[in-house]
**Q** 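Next up is a structure, given as structure tokens.
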Amino acid sequence: SRSNDKGRTWDEARPLGGWKAPIPNPNAKIDLVSLRPSGGLALVFNDHVKPPLKEMPQCVKCRTHLTVAVSLDDGNTWRRIARMDDKVGASLR
């Protein structure tokens with residue numbers, strides 16, 4: 001969803017495009033900001049799905065692979081530009 005009046009009103013929400021599947025995410029929060037003055041978008045997210053319990057029992061709630069991606073076409077396509085953190089551990093939430 002997008003607001004042009006500092007959040008007082010919003011247009012209709014729509015899914016982010018450009019991913020072959022839904023954005024990988026282990027049920028964690030994301031952050032999406034508009035880049036000024038270019039109008040591009042930056043997305044910060046945990047770039048993985050929740051691992052199966054039998055594969056990583058210590059990571060039931062892990063938040064790993066903190067990644068930044070940018071879009072220069074209003075969210076239709078995305079390019080990963082940085083991996084901010086690669087630590088894996090149960091305490092990373």
Side-chain angles (χ1 to χ4, degrees):
S1 184
R2 189 176 294 254
S3 174
N4 293 313
D5 57 11
K6 298 184 180 181
R8 286 192 290 275
T9 61
W10 294 85
D11 63 6
E12 187 173 336
R14 66 178 179 85
L16 295 174
W19 302 95
K20 289 187 170 93
I23 295 171
N25 190 279
N27 198 24
K29 295 176 184 175
I30 64 170
D31 198 1
L32 177 71
V33 295
S34 178
L35 303 172
R36 303 285 180 205
S38 73
L41 300 171
L43 176 68
V44 179
F45 66 106
N46 294 103
D47 194 5
H48 70 95
V49 294
K50 186 175 178 180
L53 184 59
K54 65 182 178 180
E55 288 179 23
M56 295 182 75
Q58 77 279 15
C59 277
V60 174
K61 296 182 180 181
C62 284
R63 305 290 187 251
T64 61
H65 308 304
L66 187 61
T67 301
V68 179
V70 295
S71 173
L72 300 176
D73 59 6
D74 203 31
N76 291 310
T77 60
W78 293 89
R79 183 171 58 94
R80 289 166 175 85
I81 62 165
R83 176 74 50 95
M84 304 302 291
D85 194 354
D86 246 352
K87 295 177 188 153
V88 176
S91 65
L92 299 173
R93 298 179 190 186

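Everything numeric here is computed off the predicted structure, so don't read it as measured data.
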**Q** So how far is it from D11 CG to N4 CG, rounded to the nearest 0.5 Å?
**A** 7.5 Å

**Q** Hydrophobic clustering (ILVMFWY, side-chain heavy atoms < 4.5 Å, transitive) - are I30 and V33 grouped together?
**A** no

**Q** Would L43 end up clustered with I81 when hydrophobic side chains under 4.5 Å apart are linked, directly or stepwise?
**A** no

**Q** Does the side chain of R83 come within less than 4.5 Å of D47's, by heavy atoms?
**A**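 D47 reaches R83 side chain to side chain.
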
**Q** If you define the side chain from C-beta out and look only at heavy atoms, does anything of W78 sit under 4.5 Å from L41?
**A** yes

**Q** Taking only residues two or more places apart in sequence, or in another chain, which ones meet D5 in a side-chain contact (heavy atoms from CB on, under 4.5 Å)?
**A** S3, R8, T9

**Q** R80 and side-chain contact (heavy atoms from CB on, under 4.5 Å): which partner among T67, V70, V68?
**A**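 That would be T67; it is the only one of T67, V70, V68 passing the side-chain contact (heavy atoms from CB on, under 4.5 Å) with R80.
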
